[in-house]
Amino acid sequence: MIRFLFLLLPLLSFGQFYKYATIYGGMSLNSTIAPIETFSYTDGQLIETTPDDGANYRYFVGIKKLSRYKFEKKPKFYYDGLEENASIFRSPVDKFEYLLQYERIRNLGREYESHNIWFRYVGDFTSIKIESSNNGYIDLQYKSLDIRLKADLGGFRGTFGSVVRYHPVYGLDVFKRDFPNYNDFEAVATELGYTNEFYFVDANNNGHLDRLEQSFFRWLLGDNVVAQNTAQFQQYYATIPAQYNRDKLNELGNQYTLSGVVGLSYYLHKDNFFVLAYGNYFFVNEKLTEYGSDTNDYDFGVIANWKLNRLLSFYTQLEYLKYFERENYTINLGINLIII
């Protein structure tokens, strides 16, 4: 769906949609760290099981139209989409802004997609924002409509309003809910349709279990053997909850949550120093559907730069987000040295 949205961008040619916008894209590719060799011994054979995670990569494409602060200077003759832009967190001017970005990432064998799409209009006393976000790294997805009143006082901006979010079910362990006796693997396995049957290795083909012959209970689901003995099935049983939860949560579908939200930000810019601090708190939540969220979510961050002298400057970027019991944080600290 997201790819199709980007394909529709040429149709959005009305008015000033593209004026002062930046279209960007890029990719990176690098080899992974050499894995530690692993082996298994099965049926009299030593088999190498060292994983091959392939190369790490990231590619992205997007278009953005964002206001810029006084301290934000064009870093190079082109944009690659990765520049820090504080107006993502607080728009400094009145007007229409947007961001549409899609990326695909592979890291240590894990592949995932992410996108961030939002449109925002900031007026004299109100702000309206619609957003679709999918952070594949922490498995956080939602769509939202955010409407707030706003007031500016010096470097401070306060906002107050409500937001409706459309999101998957979070914080529900369906397996533990449906099987309170989940530690009793035999009872739960029986409820799920697994059966076990006795068999033995008839080494002398006499049809009887002799004293030195081995016997087992193997486990089946229908006519399919899933484990040759109980020890193997206990390992297999450990994989059942994750798949069970995925299937059941998909059946429940997406949910609606209505939240009250308050935000506060502060922006200060001097010749040798700037700081932007912001925070949002979802102080009340109303489940509009059965499995909506009742967590009190929040996010906050600080973006700052301090010019120590004509050669050195110190910068920091601290961001933290907690939505639906999913956490994401960024910490960047560094020193810039200007060579003259």
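For this chain, numbers begin at 1 and follow the sequence in order. Computed over heavy atoms, backbone and side chain alike; hydrogens, waters and symmetry mates excluded.
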Below 30° counts as parallel, above 60° as perpendicular, anything between as tilted: where do the rings of Tyr98 and Phe119 land? tilted

Residues forming a salt bridge (charged side-chain N to carboxylate O under 4.0 Å, His left out) with Glu111, sequence neighbours excluded: Arg104

Got Tyr57 and Met27 here, is their nearest side-chain heavy-atom distance under 4.5 Å? no

So, do Asn328 and Arg326 sit near enough that their side-chain heavy atoms are less than 4.5 Å apart? no

For Gln235, check side chain to side chain donor-acceptor pair (under 3.5 Å) against everything at least two apart and list the hits. none

Does Asn116 have any side chain to side chain donor-acceptor pair (under 3.5 Å) partners at least two apart in sequence or in another chain, and if so, which? none

Aromatic ring proximity Phe96/Tyr121, centre distance under 6.0 Å: no

Quick check on the 6.0 Å ring-centre criterion: do Phe282 and Tyr323 meet it? yes

Side chains of Gln101 and Tyr24: any donor to acceptor distance under 3.5 Å? yes

Classify the ring geometry between Tyr244 and Phe175 as parallel (under 30°), tilted (30 to 60°) or perpendicular (over 60°). perpendicular

Is there side-chain contact between Thr289 and Tyr291, with heavy atoms separated by less than 4.5 Å? no

With Glu48 via side chain to side chain donor-acceptor pair (under 3.5 Å) - residues at least two apart: Thr50

Could you list the residues that satisfy ring pair (Phe, Tyr, Trp, His ring centres under 6.0 Å) with Phe314, not counting sequence neighbours? none

Sorted by chain and number, sequence neighbours left out, side chain to side chain donor-acceptor pair (under 3.5 Å) with Asn134 holds for none

